[in-house]
Protein chains: 2
Amino acid sequence: MTNHVLFHTLHQLSRQLTNKLNEALKPYGLYSAQWSVLFVLNTKGSITQKELCEYLFVEAPPMTRTIQRLVKQGYVKQIPGQDKREKFIQLTEEAVKEFPKWEHAVSKCNQALLMDFPETSQQELVSLQSSWLKQLL
Amino acid sequence: MTNHVLFHTLHQLSRQLTNKLNEALKPYGLYSAQWSVLFVLNTKGSITQKELCEYLFVEAPPMTRTIQRLVKQGYVKQIPGQDKREKFIQLTEEAVKEFPKWEHAVSKCNQALLMDFPETSQQELVSLQSSWLKQLL
DNA sequence: AAAAATTAATTACCTAGGTAACTATATCGA
DNA sequence: TCGATATAGTTACCTAGGTAATTAATTTTT
């Protein structure tokens with residue numbers, strides 16, 4: 001019985017959080033999945049789509065779509081690798097310029113979401129989730 | 001910084017769990033969203049789509065789709081209410097007959113997912129998630 | 001009682017993520 | 001070396017969930 005509640009609340013939480021994130025990103029014409037890619041590119045620099053998929057645990061097809069949208073918006077460029085099968089993805093100058101605004105919006109959103117949720121609880125939650133996730137993968 | 005990890009792992013976990021659930025339900029031709037509806041109907045009996053939405057915190061359009069698929073599969077029927085706008089949803093006889101099998105498959109799946117995750121951790125996780133979720137809604 | 005506002009459900013269209021099948025390139029083995 | 005196999009990415013199509021607009025029925029207001 002408690003199992004069911006566990007899965008249910010986890011699912012609900014995840015949905016609520018992405019909804020809020022999408023709301024926060026709306027003024028910038030971005031969506032949560034795009035943000036996750038931009039965030040990774042900002043820290044990792046230029047990496048292949050494969051690596052992006054592995055890092056975000058997402059299958060290749062949705063990644064292709066997300067990247068294509070980012071390309072169309074001018075926030076990301078694809079550079080053919082030495083191995084001609086692979087494409088390196090990196091932020092455009094414009095994306096680098098805009099990034100701080102996006103980051104600020106996201107961080108404000110996250111802060112609001114965590115407002116009444118104590119720091120210690122957050123850390124416990126991360127710890128529990130991480131250990132569970134590690135076992136699943 | 002820890003915020004980002006928190007949201008990331010939550011999202012990953014949620015996706016992994018629904019993927020596994022979908023896998024477990026595949027032999028029965030069902031998907032996770034359908035299962036969540038069937039599960040609620042099994043405990044609540046006959047309720048309106050509105051109530052289903054409220055219970056599962058899902059918007060009306062996706063609920064309409066999920067129900068229409070279940071109707072097509074013969075697992076659910078829609079009964080017009082006294083208020084002609086609303087439709088009461090309930091399990092068909094066949095669904096009632098099949099339910100135990102589905103429930104067993106799901107519960108086996110959940111058990112496998114939680115195998116190496118201690119009972120106490122599960123309870124902590126539920127407690128943390130629930131309190132956070134309550135604040136968000 | 002008639003007009004206005006509200007509500008339940010649907011339709012159309014969007015993002016997010018999954019699998020299967022395909023293409024093009026690279027690598028491995030006989 | 002050349003044929004088989006593996007790999008990166010794309011395309012097509014599926015479920016899941018969201019918003020906006022629409023329809024039909026019910027309430028509320030006037």
Side-chain angles (χ1 to χ4, degrees), chain A residues 7-8 10-26 28-38 47-73 76 78-89, chain B residues 7-8 10-26 28-38 47-73 76 78-89:
Chain A
F7 294 113
H8 185 66
L10 187 56
H11 192 218
Q12 298 300 334
L13 257 186
S14 173
R15 272 174 48 226
Q16 298 302 322
L17 296 178
T18 48
N19 287 349
K20 299 281 187 180
L21 181 54
N22 278 324
E23 210 176 301
L25 288 169
K26 200 164 194 179
Y28 307 96
L30 290 173
Y31 286 88
S32 56
Q34 295 179 294
W35 166 250
S36 71
V37 169
L38 294 168
I47 61 177
T48 64
Q49 289 192 204
K50 186 84 202 303
E51 289 171 310
L52 264 173
C53 290
E54 283 164 0
Y55 194 78
L56 293 172
F57 283 100
V58 160
E59 299 301 320
M63 184 53 75
T64 294
R65 282 192 298 269
T66 301
I67 288 175
Q68 283 173 349
R69 258 190 317 228
L70 283 169
V71 168
K72 195 179 287 179
Q73 286 174 278
V76 139
Q78 295 171 302
I79 292 168
Q82 201 159 352
D83 181 336
K84 284 177 192 165
R85 288 171 303 182
E86 61 188 14
K87 299 178 177 178
F88 283 83
I89 314 296
Chain B
F7 294 112
H8 185 67
L10 187 55
H11 192 215
Q12 299 300 334
L13 256 186
S14 174
R15 272 175 46 227
Q16 297 303 322
L17 297 178
T18 48
N19 287 349
K20 299 280 187 181
L21 181 54
N22 278 324
E23 211 176 299
L25 288 169
K26 201 165 193 178
Y28 307 94
L30 291 174
Y31 287 87
S32 57
Q34 295 180 293
W35 166 250
S36 70
V37 168
L38 293 168
I47 60 177
T48 64
Q49 289 192 205
K50 186 82 202 302
E51 289 171 310
L52 265 173
C53 290
E54 283 165 0
Y55 194 78
L56 293 171
F57 283 100
V58 160
E59 298 301 321
M63 185 53 75
T64 293
R65 282 192 298 270
T66 300
I67 287 175
Q68 283 173 349
R69 259 191 316 229
L70 284 170
V71 167
K72 196 178 285 177
Q73 287 174 279
V76 138
Q78 295 171 303
I79 292 168
Q82 201 160 351
D83 180 336
K84 284 176 191 167
R85 288 170 304 181
E86 63 188 14
K87 299 178 176 178
F88 283 83
I89 315 295

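Note on naming: letters A, B, ... go to the chains in the order of the sequence lines (proteins, then strands), and numbering restarts at 1 for each one. The basis for the numbers below is simple: all heavy atoms, side chains too, and nothing from hydrogens, waters or symmetry mates.
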Considering heavy-atom distances to DNA chain D, does B/A60 or B/T66 have its closest nucleotide positioned more toward the 5' end?
-> B/T66

Nearest-nucleotide 5' precedence on DNA chain D, B/S32 against B/Q82 = B/S32

Look at the side-chain N and O atoms of [X] and state whether any lies under 4.0 Å from the OP1 or OP2 oxygen of [N].
X: B/R69; N: D/dA16; result: yes
X: A/R15; N: D/dG18; result: yes
X: A/T64; N: D/dT10; result: yes
X: A/H11; N: D/dG17; result: yes

Could you say whether A/E59 or B/Q68 is positioned toward the 5' end of DNA chain C, judged by the nucleotide with the nearest heavy atom to each?
-> B/Q68

Judged by nearest nucleotide, the residue sitting upstream toward the 5' end of DNA chain C, A/D83 or A/F57, is A/F57

Please give, in whole Å, the distance from [N] [atom2] to [X] [atom1]?
X: B/K20; N: C/dG17; atom1: NZ; atom2: P; answer: 18 Å
X: B/K87; N: D/dT23; atom1: NZ; atom2: C1'; answer: 12 Å
X: B/I47; N: C/dA9; atom1: CD1; atom2: P; answer: 10 Å
X: A/Y31; N: C/dC13; atom1: OH; atom2: P; answer: 16 Å
X: A/L17; N: D/dG17; atom1: CG; atom2: C1'; answer: 15 Å
X: B/M63; N: C/dA9; atom1: CE; atom2: P; answer: 10 Å
X: A/K26; N: C/dA16; atom1: NZ; atom2: C1'; answer: 16 Å
X: B/I67; N: C/dT10; atom1: CD1; atom2: P; answer: 7 Å

Can you find a heavy atom in the side chain of B/R15 that is under 4.5 Å from one in the side chain of A/V58?
-> yes

Please tell me if the side chains of B/L70 and B/L30 come closer than 4.5 Å, counting only heavy atoms from C-beta onward.
-> yes

From the options [options], select the nucleotide whose nearest atom is closest to the side chain of [X].
X: A/E86; options: D/dG17, D/dG9, C/dG18; answer: D/dG9
X: B/R85; options: D/dG18, D/dG17, D/dA24; answer: D/dA24
X: A/K84; options: C/dT25, D/dG9, C/dG18; answer: C/dT25
X: B/K50; options: C/dA9, C/dT10, C/dT25; answer: C/dA9

Under 3.5 Å donor-acceptor pair, A/R65 side-chain atoms to C/dG17 base atoms | yes

Scan [X] against the nucleic acid and name what it touches under 4.0 Å (heavy atoms): base, sugar-phosphate only, or nothing.
X: B/T18; result: nothing
X: A/Q16; result: nothing
X: A/A33; result: sugar-phosphate
X: B/Q78; result: sugar-phosphate

Verify the distance criterion only: is there a donor paired with an acceptor across the side chains of A/R65 and A/Q68 at less than 3.5 Å?
-> no

Could you give the distance from CD (B/Q16) to NE2 (B/H11), rounded to the nearest 0.5 Å?
-> 10.5 Å

Can any side-chain N or O of A/Q73 pair as donor or acceptor with the backbone N or O of A/G29 at less than 3.5 Å?
-> yes

Kindly determine whether A/L56 and A/M63 satisfy side-chain contact (heavy atoms from CB on, under 4.5 Å), including the steps that lead there.
-> CA-CA 9 Å; A/L56 293 172; A/M63 184 53 75; 3.8 Å; yes

